[in-house]
S.K.: 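First the structure, which I've put down as structure tokens, then a few questions once you've had a look.
Just so it is clear: chains get the letters A, B, ... in the order the sequence lines come, proteins before strands, and each one is counted from 1.
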Amino acid sequence: MIDLRTLREDPDRLRASQRARGEDDSIVDSLLALDASHRSALSSFESLRAEQKSMGKSVSRSSGAEKDALLSRAKELATQVKAAEAEAEALAGRLSAAAAAVPNLVEEAAPHGGEDDYVVLEEVGAKPSFDFEPRDHLELGERLGAIDTERGAKVSGARFFFLTGVGARLQLGMLNLAMQQAVEAGFTPMIPPVLVKPDAMRGTGFQVEHDKEIYHLPEDDLYLVGTSEVPLAAYHADEILDAAALPLRYAGWSSCFRREAGSYGKDTRGIIRVHQFDKVEMFSFCRPEDAAEEHRRLLAWEQEMLAKVELPYRVIDVAAGDLGTSAARKFDCEAWIPSQGRYREVTSTSNCTEFQARRLSVRHRGEDGKTRPVATLNGTLATTRWIVAILENHQRADGSVVVPAALRPHVGLDVLEPVKK
RNA sequence: GGUGGAGUCGCCUAGUGGCCGAGGGCGCACGCCUCGAAAGCGUGUGUAGGGCAACCUACCGUGGGUUCAAAUCCCACCUCCACCGCCA
């Protein structure tokens, strides 16, 4: 949710942001108009209501003929109050619906444009050179007895899989390593619910009514989360946080669920794009003025993890049009995937500024004693997709895969050996 | 799923139609007292919207309703507690 007060004071800022995203900036004018009529309706309701209350007191003090006269006037007033209230409420509803549809203000430094207008900030690590034809992650995974997509499809359908044997050990080890790093950095480890109420979903910035990406359980009106960002963001909903305790940093470990509607035919092989995967996610509540700095810290922690698993990658500054509803700025790390000869997203960190906090009502008390929204940020510390990059980048000619040194204590193996040739 | 009980200002609690946005206690903040502290005394202490301000309005689990007027009456729902049933 954008701040209506900021909108009134500086509408050009939202116009510029909308243009950077490649979206309609005329909503600014309709929002301003709606806001003005809502405020005038509200103030006329409030003065009518004040009159009604004081008249009610006169009624209780009077008696006889005077009381009857007052009563009939009071009745008249009551209908006016009711009408004025209904009017104000209707406008409030329209206003909040309109405001809720507006995406976050983008950070000025974010690249303008769409999906392909990202800016590469950094390339890290050398791409591996093989003196043999590298296998893709699925072939490797099958030979290692690590990934079983056939039975995944048999049991649950397309885009489902089993991690088996060393595959399961690899994922557990990797996620444990991520958790350990997070704890050492001062994060509170969390295992959140993965089914959430509509308010948690909406508060985090998802449009549950239109979003085809989200699994919904209509019987219970619960949503399966696509990331633990959702329950972690909502964790402090309706709370006023102690400013001295900020930043509050949480590391959530959860399964994530995505319908992948509209991605038919994309990444159908292997486990790059699946309906269910696991992820360790960093989440931070901080003061708005510290958010940009915190964002860089989250990125640095992601890079620390990528270094531990020894993957070549690049960092991109995602363009405004590709930010999603909540983010003001987003950095993705993309690991090199040898079988595809290109980089694929393995982490994503977003600065959502006060956008989610305003929707979820997560506040802190400022220097002046007044409550203000906090800023929220999130970032990936490890996820199932990393297995793709790890297997492919660390493979050897015989189909075995070297486990990166930092992972070995957590996986319990130095090398993953093929179980079938 | 069934039956019974309960949800009020950080916590506990008073409040059964107007004098209640709401009293008391605890906690907290500030002041007095003290060498310092405790005790004691005094003052203050929710959130949000609007107004330059005095101030106004909304909120007593949520949503509806009755009434000139609702924390208070009615209806539905939610949550919590207890017991029963069912499942693991």
S.K.: Tell me the interatomic distance from A:E76, atom CD, to B:U67, atom C1', rounded to whole angstroms.
M.R.: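 Result: 17 Å.
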S.K.: Identify the nucleotide, in any strand shown, that forms a Watson-Crick or G-U wobble pair with B:A14, with both distances under 3.5 Å; if there is none, say none.
M.R.: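 Base-paired to nothing in any strand shown.
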S.K.: How would you label the contact of A:R39 with the nucleic acid (heavy atoms, under 4.0 Å): base, sugar-phosphate, or nothing?
M.R.: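 Answer is sugar-phosphate: A:R39 comes under 4.0 Å of backbone atoms only.
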S.K.: Starting from P on B:U79, measure out to CG on A:D221 and report it in whole angstrom.
M.R.: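 So the two atoms are 12 Å apart, to the nearest Å.
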S.K.: Paired with B:G1 by Watson-Crick or G-U wobble geometry, both distances under 3.5 Å: which nucleotide is it?
M.R.: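 B:C84 - that is the nucleotide pairing with B:G1, both distances being under 3.5 Å.
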S.K.: Any strand counts, and the cut-off is 3.5 Å on both contacts for Watson-Crick or G-U wobble. Which nucleotide pairs with B:U79?
M.R.: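 Across any shown strand, B:U79 pairs with B:A6.
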S.K.: Please report the shortest heavy-atom distance between A:T347 and A:L306, naming the atom on each side.
M.R.: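 Residues A:T347 and A:L306, closest heavy atoms: CG2-CD1, 4.3 Å.
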S.K.: Checking A:H295 against A:E107: is there a side-chain donor and acceptor pair closer than 3.5 Å?
M.R.: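 No, A:H295 and A:E107 have no side-chain donor paired with an acceptor closer than 3.5 Å.
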S.K.: Looking only at the side chains, is there a donor atom on one of A:S228 and A:E281 sitting less than 3.5 Å from an acceptor on the other?
M.R.: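 Their side chains do not contain a donor-acceptor pair, so the 3.5 Å distance test is not met.
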S.K.: Does the protein touch nucleotides 61-66 of chain B at the base, only the backbone, or not at all? Give it as B, S and - per nucleotide, heavy atoms under 4.0 Å.
M.R.: -----S
S.K.: Closest nucleotide of RNA chain B for A:S47 versus for A:R363: which of these residues is on the 5' side?
M.R.: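 On the 5' side of the pair lies A:R363.
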S.K.: Just one of A:R385, A:R159, A:R273 clears the salt bridge (charged side-chain N to carboxylate O under 4.0 Å, His left out) bar with A:D267, so which one?
M.R.: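 Among A:R385, A:R159, A:R273, the one that satisfies the salt bridge (charged side-chain N to carboxylate O under 4.0 Å, His left out) with A:D267 is A:R273.
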S.K.: Between A:R365 and B:A29, is there a contact of a side-chain N or O with OP1 or OP2 at under 4.0 Å?
M.R.: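 So the side-chain polar atoms of A:R365 never come under 4.0 Å of the phosphate oxygens OP1 or OP2 of B:A29.
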S.K.: Does A:R49 have any salt bridge (Lys or Arg N to Asp or Glu O under 4.0 Å) partners at least two apart in sequence or in another chain, and if so, which?
M.R.: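 Applying salt bridge (Lys or Arg N to Asp or Glu O under 4.0 Å) to A:R49 gives none.
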S.K.: Under the ring-ring contact (aromatic ring centres under 6.0 Å, His included) test, which residues partner A:W386, sequence neighbours left out?
M.R.: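 Partners of A:W386 by the ring-ring contact (aromatic ring centres under 6.0 Å, His included) criterion come out as none, since no residue qualifies.
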S.K.: Would you kindly give the CD-to-C1' distance between A:E51 and B:C55, to the nearest whole Å?
M.R.: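 Nearest whole value for this atom pair: 17 Å.
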S.K.: Taking only N/O atoms, report every protein-nucleotides 69-73 of chain B pair under 3.5 Å with atom names and distance.
M.R.:
unit_1, atom_1, unit_2, atom_2, d
B:A69, OP1, A:Q52, NE2, 3.4

S.K.: Under 3.5 Å, sequence neighbours excluded: what are the donor-acceptor pairs made by side chains of residues 89-101 of chain A?
M.R.:
unit_1, atom_1, unit_2, atom_2, d
A:S96, OG, A:A92, O, 3.3
A:S96, OG, A:G93, O, 3.3

S.K.: So, is A:R5 near the phosphate of B:G50, with a side-chain N or O under 4.0 Å from OP1 or OP2?
M.R.: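 Yes, because at least one side-chain N or O of A:R5 sits under 4.0 Å from OP1 or OP2 of B:G50.
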S.K.: For A:L77, answer base if it contacts any base atom (sugar-phosphate contacts may also be present), sugar-phosphate if it contacts only those atoms, and nothing otherwise; contact means non-hydrogen atoms under 4.0 Å.
M.R.: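 Since no nucleic acid heavy atom lies under 4.0 Å of A:L77, the category is nothing.
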S.K.: With a 3.5 Å limit on both atom pairs, tell me what B:G27 is paired to, counting Watson-Crick and G-U wobble, or say none.
M.R.: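 Its partner is B:U45 (Watson-Crick or G-U wobble, both distances under 3.5 Å).
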S.K.: Which nucleotide, if any, forms a Watson-Crick or G-U wobble pair with B:A69, using both distances under 3.5 Å?
M.R.: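 Its partner: none found.
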S.K.: From the list B:C68, B:G50, B:G49, which nucleotide is the closest neighbour of the side chain of A:K75?
M.R.: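 Among B:C68, B:G50, B:G49, the one nearest the side chain of A:K75 is B:C68.
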S.K.: Side chains of A:Q180 and A:E184: donor-acceptor distance under 3.5 Å anywhere?
M.R.: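 A:E184 and A:Q180 do have a side-chain donor-acceptor pair below 3.5 Å.
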S.K.: Could you state the atom-to-atom distance from CG of A:D35 to P of B:G49 in whole Å?
M.R.: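 To the nearest whole Å, that distance equals 12 Å.
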S.K.: For nucleotides B:G25 and B:C9, find the distance between their C1' atoms and express it as a whole number of Å.
M.R.: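 Here B:G25 and B:C9 have their C1' atoms 14 Å from each other.
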S.K.: Rounded to whole Å, please give me the gap between CE in A:M55 and P in B:U57.
M.R.: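 So the CE-P distance, A:M55 to B:U57, works out to 14 Å.
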S.K.: If the condition is ring-ring contact (aromatic ring centres under 6.0 Å, His included), which residues does A:H364 pass it with, not counting sequence neighbours?
M.R.: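 If we apply the ring-ring contact (aromatic ring centres under 6.0 Å, His included) test to A:H364, skipping adjacent residues, there are no hits.
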S.K.: Between A:D238 (CG) and B:C59 (C1'), how many Å, whole number?
M.R.: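 About 13 Å, once rounded to whole Å.
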S.K.: Rounded to whole angstrom, note down the C1' distance from B:G17 over to B:A29.
M.R.: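 Per the computed distance, 37 Å lies between those C1' atoms.
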S.K.: Could you check how far CG of A:L91 sits from C1' of B:G50, rounded to whole Å?
M.R.: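 Going from CG in A:L91 over to C1' in B:G50 covers 16 Å.
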S.K.: Rounded to the Å, how far apart are A:L42 CG and B:C59 C1'?
M.R.: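 Computing the A:L42:CG to B:C59:C1' distance gives 14 Å.
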S.K.: Give me the distance, rounded to whole Å, that separates B:C55 from B:G21 when you measure between the P atoms they each carry.
M.R.: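 After rounding to an integer number of Å, I get 16 Å for this pair.
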S.K.: Between A:D278 and A:T384, is any side-chain donor less than 3.5 angstrom from a side-chain acceptor?
M.R.: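 Not at all, the side chains of A:D278 and A:T384 share no donor-acceptor pair under 3.5 Å.
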S.K.: Between B:A58 and B:A71, how far is it from one P atom to the other, in whole Å?
M.R.: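 Their P atoms lie roughly 10 Å apart.
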S.K.: Assess the side chains of A:T380 and A:K279: does a donor N or O sit below 3.5 Å from an acceptor N or O?
M.R.: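 Absent: no donor and acceptor within the cut-off.
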S.K.: In whole Å, what separates the P atom of B:G4 from that of B:C11?
M.R.: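 Roughly 29 Å separates the two P atoms.
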S.K.: Given the P atoms of B:U72 and B:G65, what is the spacing between them in whole Å?
M.R.: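 The answer is 14 Å between these two P atoms.
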S.K.: Taking any strand in view, what nucleotide pairs with B:C60 in a Watson-Crick or G-U wobble way, both distances under 3.5 Å?
M.R.: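 When the pairing criteria are applied, nothing turns out to pair with B:C60, so the answer is none.
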S.K.: Can you tell me the Watson-Crick or wobble partner of B:A22, both distances under 3.5 angstrom?
M.R.: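 Paired with B:A22, as far as the under-3.5 Å criterion goes, is no nucleotide at all.
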S.K.: Would you say A:R249's side chain and A:M282's backbone share a donor-acceptor pair under 3.5 angstrom?
M.R.: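 A pair under 3.5 Å: no.
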S.K.: Which is true for A:R358 with a 4.0 Å heavy-atom rule: it touches a base, it touches only sugar-phosphate, or it touches nothing?
M.R.: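 Nothing, no heavy atom under 4.0 Å.
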S.K.: Could you check which nucleotide pairs with B:C32 in any of the strands shown, counting Watson-Crick or G-U wobble with both distances under 3.5 Å?
M.R.: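 Pairing partner: B:G40.
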S.K.: When you compare B:G64 with B:A14, how far apart are their C1' atoms, in angstrom units rounded to a whole number?
M.R.: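 Looking at atom C1' only, B:G64 and B:A14 are 28 Å apart.
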S.K.: Using atom C1' of each nucleotide, how far apart are B:U57 and B:G51 to the nearest Å?
M.R.: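 To the nearest whole Å, 11 Å.
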